[in-house]
**Q** 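Quick one: structure below, then a few questions.
The structure presented is a predicted model; accordingly, all values stated were derived computationally and were not measured. Numbers here simply count residues along the sequence, with the first being 1.
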Amino acid sequence: MSAEAEQVHGDEPAPPLAPEPYGPMPYTPSAPPEGMQRQRLHPLTPLLESVRFLTAVAAAVGVQMFTSRNFLFAVYAALAAAVVGGIASLIALQYRGFVIWGRELHIYGGVFTRSHRTVPLDRLQSVDLVRPLQARVFGLAQLNIEVAGGDGTDAKLAYLKHDRALELRAELLSIAGRPGAQPRTETADDSTEDVSEASSPLVPPVTVRKLALASLLEALPVQLTALLVFGTAFAVTGSIFGFTTVATALWFGFFAPALFGYLQSTISTVNRFLRNCRFRITRDGGNLLIERGLTDTSHETVPVDRVTAVCFDEPILWRRKDWRRVEVWTAAVSQQISVLKSTTALPVGSPAEVATVAAEALPDLPAAFAVHRPPRRARWRMPMRWKRTGALLDEKAFVVRHGWWVNTYVALPYARIQSVQVVQGRIQRLQGLATVHAMSAGSIGHTAKAAHRDVEEAVAMAAELRRRADMAAALEAPRLS
């Protein structure tokens with residue numbers, strides 16, 4: 001380095017050091033004293049957790065009894081399963097439980113392999129109350145505990161009496177310093193009443209008819225397209241090789257697996273419909289409280305200060321009705337490795353309802369965006385999606401649009417942007433194109449991508465994203481990204 005360069009660099013003052021490092025302070029777990037009494041889970045917990053296995057065993061026993069007409073076999077199998085299951089449950093309950101010690105939750109489990117998990121309540125993000133159908137029959141519930149920076153649901157306490165679960169949820173939130181409204185209680189006639197009269201829904205309840213129609217319209221295009229392709233292929237090949245021969249070959253080689261896929265798709269659609277029935281969203285301080293479910297009920301908490309992205313989904317048959325779905329991503333969920341999921345903040349809604357929920361999840365975020373398409377020379381790379389692909393530097397967020405069957409807008413707040421990349425492939429280099437990637441905290445399945453932009457535009461967009469991200473993050477205390 002030359003003397004002149006050294007002089008220039010020597011005149012520049014060193015950047016000031018931060019008073020405290022970003023991120024959580026080093027955490028050292030502690031253990032409760034030996035012999036401290038553990039709080040036990042409900043005695044029916046092992047039975048409820050193995051309900052799927054017991055259902056499969058019952059089905060196998062029923063088939064065996066029907067084919068062999070041996071009724072004594074079913075009786076002996078039921079008695080053996082009851083005895084073995086009862087003994088296993090008693091043994092498992094002796095080693096399962098939890099202890100609240102200071103500002104930590106200790107969860108114990110395991111019979112052959114013991115486990116001891118420590119949950120630091122200082123990093124507690126939310127405690128969700130979930131009531132599967134088999135648990136509701138006995139008046140039980142489970143708590144899903146999410147910790148910031150973890151891998152989704154960090155801990156689970158299943159199952160507890162419903163009243164005890166509510167008390168424990170309030171206690172954990174109080175220790176963590178994140179008090180929130182209690183979930184609504186269920187009356188004997190399965191209706192609900194508000195614990196807090198001040199909390200009112202942000203949007204009107206989604207009717208069962210509207211939700212059922214939306215679920216059907218979302219699943220219909222793929223299924224109709226598949227039926228059209230299968231029917232055309234069968235008609236063409238059958239007219240050439242004979243319908244009997246083709247039908248036999250296609251049934252074992254193609255139609256049987258396709259039928260299994262259809263059943264799986266139908267079950268997924270029905271489950272999504274049941275999960276979003278009785279949807280209700282309210283605002284309580286800095287949290288969004290979401291309640292949903294017909295058979296399995298859940299009460300979820302979304303901290304607004306940890307929202308990393310807001311997505312708007314618009315399936316192809318929803319566009320005539322101007323319906324959209326709103327998905328909200330949070331920091332803990334975005335850092336999952338095994339399973340990626342988001343929280344549905346609105347299963348289906350009108351533009352006004354979508355705008356209301358979007359503004360609550362991310363203040364001052366609009367629900368409609370005029371994105372800019374890629375250059376026309378990139379159209380051959382995505383002929384079906386070119387008109388529905390674009391990007392926009394909004395005042396509050398970086399917005400990208402993609403998809404054809406399901407048109408999706410992803411709004412990434414500038415303060416949540418962790419890194420920005422400009423990627424250029426070989427063919428893109430020949431065309432003078434590049435793609436801009438903006439990654440938020442976690443950066444897994446959570447990337448906003450402006451595809452096939454002009455090179456000069458991509459470089460300028462990346463520089464502007466870095467500038468806005470630094471400015472927005474500097475205003476946050478503490479910095480999430």
Side-chain angles (χ1 to χ4, degrees), residues 39-63 74 77-98 107-111 115 126-146 152-169 182-192 208 211 215 263-264 266-280 290-301 339 341 343-344:
Q39 300 186 48
R40 303 292 181 184
L41 301 176
H42 196 273
L44 293 178
T45 293
L47 176 64
L48 296 177
E49 289 183 340
S50 58
V51 64
R52 293 184 179 181
F53 173 75
L54 295 177
T55 302
V57 171
V61 170
V63 172
L79 291 176
V83 173
V84 173
I87 296 175
S89 299
L90 291 176
I91 295 175
L93 286 174
Q94 300 303 315
Y95 300 99
R96 301 188 63 172
F98 63 95
I107 303 176
Y108 301 89
V111 178
S115 65
S126 64
V127 182
D128 297 334
L129 183 73
V130 181
R131 303 192 68 193
L133 179 61
Q134 66 270 19
R136 293 178 63 192
V137 174
F138 300 98
L140 305 180
Q142 78 178 35
L143 295 179
N144 291 340
I145 303 169
E146 291 188 357
T153 299
D154 281 27
K156 180 175 69 173
L157 292 177
Y159 290 92
L160 300 165
K161 276 291 188 180
H162 184 240
D163 295 340
R164 173 57 182 148
L166 291 176
E167 294 175 0
L168 182 59
R169 177 182 181 273
Q182 287 287 346
R184 294 182 299 168
T185 58
E186 296 188 3
T187 59
D189 59 352
D190 202 30
S191 62
T192 55
V208 175
L211 185 61
S215 302
L263 292 177
Q264 188 177 11
T266 303
I267 293 174
S268 177
T269 302
V270 173
N271 287 338
R272 189 184 305 112
F273 166 76
L274 295 176
R275 185 169 61 249
N276 289 320
C277 277
R278 299 166 63 184
F279 178 87
R280 185 175 186 267
I290 300 175
E291 305 175 17
R292 75 181 85 225
L294 185 61
T295 55
D296 298 351
T297 62
S298 65
H299 306 265
E300 305 168 70
T301 303
V339 180
K341 68 176 183 179
T343 302
T344 302

**Q** Taking atom CG of D163 and atom NZ of K161, what is their separation to the nearest 0.5 Å?
**A** 8.5 Å
**Q** Would you say the side chains of Q142 and N144 form a donor-acceptor pair under 3.5 Å?
**A** yes
**Q** Hey, mind stepping through L157 and Q39 against side chain to side chain contact (heavy atoms under 4.5 Å, CB included) and telling me if it holds?
**A** CA-CA 11 Å; L157 292 177; Q39 300 186 48; over 6 Å; no
**Q** What residue among L140, L166, T45, L168 forms side chain to side chain contact (heavy atoms under 4.5 Å, CB included) with L160?
**A** L168
**Q** Rounded at 0.5 Å granularity, tell me how far CG in L274 sits from OG1 in T269.
**A** 11.0 Å
**Q** Considering non-hydrogen atoms only, spot the tightest contact between A165 and L129 and give its length.
**A** CB-CD1, 3.8 Å
**Q** Between atom CG of L143 and atom OG of S126, what is the distance when rounded to the nearest 0.5 Å?
**A** 11.0 Å
**Q** Given the rule in the side chain to side chain contact (heavy atoms under 4.5 Å, CB included) test, do L294 and R278 qualify, once you have shown the distances and angles that lead to the verdict?
**A** CA-CA 7 Å; L294 185 61; R278 299 166 63 184; 3.9 Å; yes
**Q** How many angstroms lie between CD1 in I107 and CZ in R96, if you round to the nearest 0.5 Å?
**A** 10.0 Å
**Q** Roughly how far, to the nearest 0.5 Å, is the CD1 atom of I290 from the CZ atom of R280?
**A** 12.0 Å
**Q** Do you know the tightest heavy-atom contact between R40 and F98?
**A** O-CE2, 4.4 Å
**Q** Return yes if some donor-acceptor pair links the side-chain N/O of R292 with the main-chain N/O of T344 below 3.5 Å, else return no.
**A** yes
**Q** For a side chain to side chain contact (heavy atoms under 4.5 Å, CB included) check, start with the C-alpha distance between F279 and L211, then their side-chain angles and the critical distance, and finish with the verdict.
**A** CA-CA 10 Å; F279 178 87; L211 185 61; over 6 Å; no
**Q** Hey, is the main chain of G293 close enough, under 3.5 Å, to the side chain of T297 for a donor-acceptor pair?
**A** no
**Q** Do R169 side-chain atoms and V127 backbone N/O form a donor-acceptor pair below 3.5 Å?
**A** yes
**Q** Compare every heavy atom of H162 with every heavy atom of A141, then report the nearest pair and how far apart it is.
**A** CB-CD2, 4.2 Å
**Q** Test D128 against S298 for side chain to side chain contact (heavy atoms under 4.5 Å, CB included), laying out the working first.
**A** CA-CA 7 Å; D128 297 334; S298 65; over 6 Å; no
